[in-house]
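Here the structure comes first, spelled out in structure tokens, and everything after it is commentary.
Values below: every heavy atom of this structure, side chains too, minus hydrogens, waters and symmetry copies.
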Amino acid sequence: MRERFWSFMQRWKTFLHIPKHINISPRLLLAAGLVALFVAIPLVYIFFRAFTGGPEVWMRLIQTRLWKLLANTLLLTVAVTSGAALVGVSMAFLTERTDLPGRQLFRWMLALPLAIPAYIGGIVHLTLLRPRGGVIPQLLESWFGQPVPTPSPLGFWGAAFILTLFTYPYVYLLSAAAFRSLNASLEEASRTFGRDNWHTLWEVTLPALRPGLMAGALLVALDILAEYGTVALLRYETFSSAIFVQLSGRYDRSAASILSGVLITIAIIILWGELRLQGQARYTQMDSQWRPANPMLLNRWKIPALLLVLLVVSASLLVPVFVLGYWSVTALFDSETLSSIMRSGSQGFGDYVWNSLWSSALAALIAVVLSLPVALLAVRYPSKLSRAISRFSQIGYAIPGVVVALSLVLLVNQFLPFLYATPLIVVMAYVLRHMPQAIRASESALNQLSPSMEEASRTLGRTSLQTIFQVILPLILPGLMAGAALVFLTSLKELPATLLLRPAGFDTLAVRVWIWAEEGFYIQAAPAALLLVLASAWPLYFLLRREQIFK
């Protein structure tokens, strides 16, 4: 049996063009394969349920809702991705390549909106701008003595505006890093050949930023496909909100599976398109010749540029934090409101905090542990097989939270009923949804570790497992902690999967914020929302400091 196994392994190595001197550990290959299988089963099951949903369900959806949902979702995705790219790149340019006053402070302030869930930002801006009863329309009416038309935050334009405000940091962070690493000689050579600053920006600088820009735009697009809270709050129907209604309100799992299959297909097409656009392009700069570019003088544009940055920072960070802080103080000084916050049914405020922290922390721990065999196989044994397993294990990028919830509801009910109506199914959803972040962090950490250290450990008589626990893990621990922090951050903010999968009596901060806000109790929701933002800000701060994005 052992000889047959090794013969099978050798045939696979030949088929996958793995060099014969590379001996992949069967245990490592099995562990990584099981992780990929764990991620793949929900995806495969959703497609299976979609294709077996019945022709009558397909026809009903095609004739009534499918095309409208497709148009709404794609239109919002394109609008927000374009807006986030425009805002992110322009903010990165102003803070990294010009003499903008206070740019060191603005570097941090422009990144911090990433800690604010978009649905919380939507709650704040809806309260300020809603046509009837909004703070700003009422204030304008009191000043002018008659109603003054103001932009409505509801519908497509409101959703696009809110989501752009809270997703642009994805593009901003990657673009800012690219601006800082760009060699000044590239732009100087362009000017030497007669290009002015504008043509140099479009023909040299922006093409060199393409890898970071495409990566940031991809994150934004996938985030919009997965968004539920903001679009539901602002009454703009997309696939995610429609799937949620089908699953939680109408209990039509066949229709929900079909819509989920279409949504996943869109996400996979976006991933494939990004890979095709990115191609094999590489931008390499020699360290010995690298030097930073001199800041561009804004001169008479300094004040307009400063006002533009202040406008973005105010709308995406200062206004939401100020409003949440004001509401929280108001709630704390109102005994009746405070009482309803501290105790709602059988749960208290401390329960919401504890549920959020332990479920997100456990998900982060499990995700990091599961990422290790995948990362080890991909980094130490590069081949078609290891790359396929690594990419398949990261398919969670393409699975929105509402789809993960649907797949787990279907699978757990049928095969693991003992997990149903327990918090563990919520943790499982977090792991499936956010494990790609842990895998990326683990692979990045392992790529920085020289294989010679592992070889030296084995030379001294250590087994493979001893080498992993005594050499590899201690050295890559900071990278693993960064991945855990990212999973923790995104799990804290996860809303649709938690809403659909939570057992009775298990509310997190995100869930309580949503329930109170949906009922119109914004002041009650404010302390939980503010605490959620602060809890998300700490791992974000850790990540930015560790990666030395800002000094």
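- Counting all heavy atoms, side chain and backbone alike, Gly122 lies closest to Leu233 at C-CD2, 3.5 Å.
- Between Ala517 and Ile123, the shortest heavy-atom distance links the atoms CB-CD1, 3.3 Å.
- Of the possible donor and acceptor atoms, none in the side chain of His125 sits under 3.5 Å from a partner among the backbone N and O of Phe161.
- Contact check on Glu96 versus Arg107 returns a salt bridge, with a Lys/Arg side-chain nitrogen under 4.0 Å from an Asp/Glu carboxylate oxygen.
- Residues that satisfy the salt bridge (Lys or Arg N to Asp or Glu O under 4.0 Å) test with Asp507, not counting sequence neighbours, are Arg502, Arg512.
- Using cut-offs of 30° and 60° on the angle between ring planes, the pair Tyr119 and Trp514 is perpendicular.
- By the 4.5 Å heavy-atom criterion applied to side chains, Pro117 and Leu532 are counted as neighbours.
- Counting only distance, with no hydrogens or angles, the side chain of Asn72 and the backbone of Thr238 share no donor-acceptor pair below 3.5 Å.
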N/O donor to acceptor pairs below 3.5 angstrom from side-chain atoms of residues 477-500, sequence neighbours left out:
from: Thr490; atom 1: OG1; to: His434; atom 2: ND1; distance (Å): 3.4
from: Thr490; atom 1: OG1; to: Gln437; atom 2: OE1; distance (Å): 3.1
from: Thr490; atom 1: OG1; to: Leu486; atom 2: O; distance (Å): 3.0
from: Thr490; atom 1: OG1; to: Val487; atom 2: O; distance (Å): 3.1
from: Ser491; atom 1: OG; to: Val487; atom 2: O; distance (Å): 2.8
from: Lys493; atom 1: NZ; to: Leu114; atom 2: O; distance (Å): 2.7
from: Thr498; atom 1: OG1; to: Tyr430; atom 2: OH; distance (Å): 2.8
from: Thr498; atom 1: OG1; to: Glu494; atom 2: O; distance (Å): 3.0

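- With rounding to the nearest 0.5 angstrom, the OH atom of Tyr170 is 10.0 Å from the CG atom of Leu222.
- Sequence neighbours left out, the pairs with a member in residues 218-234 that pass side-chain hydrogen bond (donor to acceptor under 3.5 Å, both in side chains) are Glu227-Thr230.
- Annotation: the span from Thr265 atom OG1 to Leu70 atom CG amounts to 10.5 Å, rounded to 0.5 Å.
- Counting heavy-atom neighbours within 6.0 Å of Trp358 CH2, excluding the residue itself, gives a total above 12.
- A side-chain donor-acceptor contact under 3.5 Å links Ser90 to the backbone of Val87.
- Side chain of Ser356 to backbone of Leu509: a donor-acceptor contact under 3.5 angstrom is found.
- At distances below 3.5 Å, not a single donor-acceptor pair connects side-chain atoms of Tyr236 with backbone N or O atoms of Trp157.
- For Thr77 (side chain) and Ile224 (main-chain N/O), no donor-acceptor pair under 3.5 Å exists by modelled atom type.
- In this structure, Ser241 contributes its side chain and Glu237 its backbone to no donor-acceptor pair below 3.5 Å.
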